[in-house]
Novice: 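Take this structure first; my questions come after.
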Number of protein chains: 2
Amino acid sequence: MNDTKLIDIAAALGISVTTVSKALKGYSDISKTTRSKVLEMAEEMNYRPNSNAVNLRTNETKTIGVIIPATVHHFFSSVLNGILEEAEKRGYLVIILQSSEKYELEKKQIALLLQKRVDGILISLSNETDDFTHINAAIKKNTPVVLFDKIAKMVDCSKVIINDKKAAYDAVTYLIKKGYKKIAHFRGSLVPQNSIDRFLGYKKALEDHNIPYDSSLIYMCDHNTDFEDGYGNAKLMVEQHNDVDAIFAITDLVAIGIIKYLNEAQIKIPEQIAVFGFSNWFMSTVISPKLTTIDQPGYDIGQRAASILIDEITQTKEHLPVTHQIIELPTTIIERESTIR
Amino acid sequence: MNDTKLIDIAAALGISVTTVSKALKGYSDISKTTRSKVLEMAEEMNYRPNSNAVNLRTNETKTIGVIIPATVHHFFSSVLNGILEEAEKRGYLVIILQSSEKYELEKKQIALLLQKRVDGILISLSNETDDFTHINAAIKKNTPVVLFDKIAKMVDCSKVIINDKKAAYDAVTYLIKKGYKKIAHFRGSLVPQNSIDRFLGYKKALEDHNIPYDSSLIYMCDHNTDFEDGYGNAKLMVEQHNDVDAIFAITDLVAIGIIKYLNEAQIKIPEQIAVFGFSNWFMSTVISPKLTTIDQPGYDIGQRAASILIDEITQTKEHLPVTHQIIELPTTIIERESTIR
DNA sequence: TTGTAAGCGTTATCAT
DNA sequence: ATGATAACGCTTACAA
């Protein structure tokens, strides 16, 4: 049961630990014969290097840390999937932490990851986060950080994002082109960049098409229970405005809440009110009416972010210069029933 | 930039490393004054113990490994959520690995986790897995293992499950009581225990209510794309049997595929065919008709599994006897539109 | 109450 | 081509 270590192999073969270590790692200054003897014996004794010892010695853990606001969320599980596959491929393990949208937790978790000596950190910021010293602390410790999805422009590191402003602009422009005249926006809270950007895209699209911006058509969905936010605000909106003919929602989940309310209130979608979502969750294909939305490539975001992070880890280790990249992944409009009239 | 270590604190205070170490860990044989001096200096120098060194020395990593078949899956993300919260609470980190339902990968990943010296392993077996030597290897190395959801009865370790057979029995009994006479079952593949158990529950319910079992009413959904399995088999079933009045599906996703086909084929749910799912995904509340299903407590499963694992880790470390537990979490029927007539 | 020194299992430097 | 030895940063008998 006791794990085999180098010294056991050395003893079994009557040679030194050094030789065993070198042979195992394929150093050129070991004779072919001893090398194969060592390999064979290692196999026979089922030798597995002790990662803790290796880590201590080499000061790297082949592990990356990931902090996301929530796991039970289709978008983040897609991202996670991309991260896990890329990490697997490149021989890294992944430690997952959930910030639950709490800044304090996020901060604590960064500290934890640094203490664990992860080789790099992938993070999508919590909605609360508006101070970035914890992120900068990691960067200063030479631990590469890549931000994805919910990023902060001010932090100097690589980022993988979509162009939220453009995507929102495209969505609203699409609605306008379809002939919708009075378009409400169900936005997210004020802090996260993507919430801001989607709002700005909405506004710009109106502007560019000479539709006056009306702040009473903006509904705030910031209770972190997007579905109910959508439902409740849809109800409110119907009471306040009887002439809105389309809604651009910050998230599919909000959109689904809206649809649920409108269905219950017997308001026809899209005849009376069209609904446009954001993210293209699987769910949006199964509700009725099927939801028009923006496809947000979660898997790709995760995969690219992990890939860039691991590149930077390698570069940092080899003392090569690293240049940060801002990768903007394309989004597309997925047209479905909820806007087709 | 350079991390503070014990020796730095010792040097700054003109005392020994041992004293610093002991002071930091609150040993009783250190004077109050030196203790507070050390604490203060550690704080000031922003000391963080090097986990690799601690791990090597203490031979524990305060990390648990989790292997799940897939992350992009509402049930597993709920489980993950439960695991992450419990681990966080008890001071453990979590390494996540995805087996993608592949036995070979699962085997490799267990080896990886053992090499990383995780303190314990949580695993839901892949559908392919029918050999358990890799699991037993971990157990033999004194690394506690807890199986959840997709378990193997033969493996001697703690398990957290639901009673799939009973849940399925309840579901089908419910349908029978509602007056449905010809009930089809869309089952999962042959290997995983939960697929077998749900099938057995279905069969037993028919038997107990004197409804003859008809194997032509069993449709196999084993392509790992449950949604399309449901869709395709629903189509097939409608062609083969014009008198089926209810379907019990192994999973909500399969059920949603079924609903999608029936809706397209203008077959009324539940008037012509009722549909019963399994898992209670969020999605099942937003499709139409809303899906009757079995609530499977994913969060609780994860939380309990992690809790038991950490208990066993602690017991093992203290050389206390550990007794394995089989925890069976209750499921409930969530009645919605798809079966109410 | 404090300190010395050994040891955890590797890797890497420098001799031989 | 091989090996002795130090070092990674920490914990812990044991000694003082």
Side-chain angles (χ1 to χ4, degrees), chain A residues 1-39 41-42 45-63 114-119 141-142 317-318, chain B residues 1-39 41-42 45-63 114-119 141-142 317-318:
Chain A
M1 204 1 306
N2 275 320
D3 287 323
T4 308
K5 31 200 151 168
L6 288 184
I7 200 172
D8 300 325
I9 301 180
L13 255 34
I15 59 179
S16 82
V17 184
T18 310
T19 308
V20 176
S21 173
K22 283 180 174 171
L24 250 18
K25 311 196 74 193
Y27 275 49
S28 55
D29 59 353
I30 299 292
S31 75
K32 282 235 160 93
T33 50
T34 36
R35 192 174 125 74
S36 59
K37 259 191 290 183
V38 169
L39 255 36
M41 182 58 78
M45 300 178 78
N46 193 30
Y47 171 73
R48 296 281 174 271
N50 179 323
S51 296
N52 288 327
V54 176
N55 291 347
L56 175 58
R57 189 57 235 242
T58 62
N59 205 31
E60 59 169 16
T61 52
K62 286 281 183 186
T63 302
L114 290 177
Q115 176 165 348
K116 268 281 169 179
R117 260 60 180 180
V118 294
D119 295 339
K141 284 206 179 211
N142 273 319
K317 205 156 47 203
E318 294 171 355
Chain B
M1 205 348 305
N2 274 318
D3 288 322
T4 309
K5 28 199 153 169
L6 288 185
I7 199 172
D8 300 324
I9 302 180
L13 255 34
I15 58 179
S16 82
V17 181
T18 310
T19 309
V20 176
S21 172
K22 285 180 173 170
L24 250 19
K25 310 195 73 191
Y27 274 49
S28 55
D29 60 354
I30 299 291
S31 75
K32 282 232 160 95
T33 49
T34 37
R35 192 174 124 75
S36 59
K37 258 192 291 184
V38 169
L39 255 36
M41 183 58 79
M45 298 178 79
N46 194 31
Y47 172 73
R48 297 280 174 272
N50 180 322
S51 298
N52 290 144
V54 176
N55 291 347
L56 175 59
R57 188 57 231 245
T58 62
N59 205 30
E60 60 169 16
T61 53
K62 286 282 183 184
T63 302
L114 290 177
Q115 176 165 349
K116 269 279 170 181
R117 259 64 180 178
V118 294
D119 296 339
K141 285 208 178 208
N142 273 320
K317 205 156 46 201
E318 293 171 356

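Throughout, a chain's letter reflects where its sequence line sits, starting with A, and its residues are numbered from 1.
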Novice: Could you tell me whether A:Asp29 contacts a base, only the sugar-phosphate backbone, or nothing, with contacts defined as non-hydrogen atoms closer than 4.0 Å?
Specialist: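 Base contact.
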Novice: Any luck finding a side-chain donor-acceptor pair between B:Ser21 and B:Thr18 under 3.5 Å?
Specialist: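 On atom types as modelled, these side chains do not qualify, holding no pair under 3.5 Å.
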Novice: Side chains of A:Arg48 and A:Asp3, heavy atoms from C-beta outward: is any pair under 4.5 Å?
Specialist: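 No, side chains not in contact.
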Novice: For the backbone of B:Lys32 and the side chain of B:Ser36, can you confirm whether one donor and one acceptor N or O come within less than 3.5 Å of each other?
Specialist: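 Checking the backbone N and O of B:Lys32 against the side chain of B:Ser36, a donor-acceptor pair under 3.5 Å is found.
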Novice: For the pair made of CD in B:Glu60 and P in C:dC8, what is the distance, rounded to whole Å?
Specialist: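 To the nearest whole Å, that distance equals 17 Å.
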Novice: Considering only NZ, NE, NH1 and NH2 on the basic side and carboxylate oxygens on the acidic side, decide whether A:Lys22 and A:Asp29 come within less than 4.0 Å.
Specialist: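 Between A:Asp29 and A:Lys22 there is a salt bridge, with a charged N closer than 4.0 Å to a carboxylate O.
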Novice: Find the distance between CG (B:Leu13) and CE (B:Met45) and round it off to the nearest 0.5 Å.
Specialist: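 So the gap between those two atoms works out to 9.0 Å.
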Novice: In whole angstroms, how far is the C1' atom of C:dT2 from the NZ atom of B:Lys32?
Specialist: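 So the NZ-C1' distance, B:Lys32 to C:dT2, works out to 18 Å.
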Novice: Tell me whether the side-chain N/O atoms of A:Tyr47 come closer than 4.0 Å to OP1 or OP2 in C:dT10.
Specialist: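 Yes.
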Novice: What residues form a side chain to side chain contact (heavy atoms under 4.5 Å, CB included) with A:Thr61, not counting sequence neighbours?
Specialist: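 Partners of A:Thr61 by the side chain to side chain contact (heavy atoms under 4.5 Å, CB included) criterion, ordered by chain and then number, come out as A:Asn55, A:Thr63, A:Arg117, A:Asp119, B:Asn52, B:Lys116.
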Novice: Taking the minimum atom-to-atom distance to the side chain of A:Val54, which one of C:dG3, C:dT13, C:dT11 wins?
Specialist: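 So the nucleotide nearest the side chain must be C:dT11.
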Novice: Round to the nearest Å and state the distance from B:Ile7 atom CD1 to C:dA5 atom C1'.
Specialist: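 Spelled out: CD1 on B:Ile7 to C1' on C:dA5 is 13 Å.
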Novice: Output the rounded distance in Å from CD1 (A:Ile30) to C1' (C:dA12).
Specialist: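 It is 13 Å, rounded to the nearest whole Å.
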Novice: How many whole angstroms separate atom CZ of B:Arg57 from atom C1' of C:dA5?
Specialist: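 B:Arg57 atom CZ is separated from C:dA5 atom C1' by 11 Å.
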Novice: Taking any heavy-atom pair under 4.0 Å as a contact, classify A:Ile15: base, sugar-phosphate, or nothing.
Specialist: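 Sugar-phosphate, no base atom in range.
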Novice: Using the closest heavy atom to pick a nucleotide of DNA chain C for each, name whichever of B:Ser31 or B:Ala53 lands nearer the 5' end.
Specialist: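 In this pair, the answer is B:Ser31.
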Novice: Have A:Thr34 and A:Ser31 got a donor and an acceptor in their side chains that come within less than 3.5 Å?
Specialist: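 The criterion, which ignores hydrogens and geometry beyond distance, is satisfied for A:Ser31 and A:Thr34.
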Novice: I want to check one thing: is the phosphate of C:dT2, taken as OP1 and OP2, less than 4.0 Å away from some side-chain N or O of B:Thr34?
Specialist: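 Checking C:dT2 against B:Thr34, a side-chain N or O does come within under 4.0 Å of OP1 or OP2.
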Novice: Please evaluate the base of C:dT10 for a donor-acceptor partner in the side chain of A:Ser21 within a cut-off of under 3.5 Å?
Specialist: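 Checked by distance alone, the answer is no.
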Novice: Within the pair B:Thr18 and C:dG3, is there a side-chain N or O less than 4.0 Å away from OP1 or OP2?
Specialist: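 Checking B:Thr18 against C:dG3: no side-chain N or O falls below 4.0 Å of OP1 or OP2.
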Novice: How many Å lie between CG on B:Asn59 and P on C:dG7, as a whole number?
Specialist: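 Roughly 17 Å, once rounded to whole Å.
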Novice: A:Thr58 side chain to A:Val54 main-chain N or O, any donor-acceptor pair under 3.5 Å?
Specialist: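 It does hold such a pair.
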Novice: First and last nucleotide of DNA chain D touching chain B, 5' to 3', heavy-atom cut-off 4.0 Å?
Specialist: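 Nucleotide range with atoms under 4.0 Å of chain B: D:dG9 to D:dC14.
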Novice: For A:Ala23, is there any backbone N or O sitting under 3.5 Å from a side-chain donor or acceptor partner on A:Arg35?
Specialist: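 Here the side-chain-to-backbone pair exists.
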Novice: Starting at NZ of A:Lys22 and ending at C1' of C:dT16, how long is that distance when rounded to a whole Å?
Specialist: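 Between C1' of C:dT16 and NZ of A:Lys22: 12 Å.
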Novice: Answer with base, sugar-phosphate or nothing: what part of the nucleic acid does B:Thr4 contact at a heavy-atom distance below 4.0 Å?
Specialist: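 Contact class for B:Thr4: none.
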Novice: I need the B:Ile9 CD1 to B:Leu39 CG distance, nearest 0.5 Å.
Specialist: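 The distance works out to 9.0 Å.
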Novice: Bend angle of the helix from C:dT1-D:dA16 to C:dT16-D:dA1 from five-pair axes at both ends, rounded to 10°?
Specialist: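 That helix has its two terminal axes inclined by roughly 40°.
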Novice: To the nearest angstrom, how far is B:Leu56 atom CG from C:dT11 atom P?
Specialist: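 Nearest whole value for this atom pair: 12 Å.
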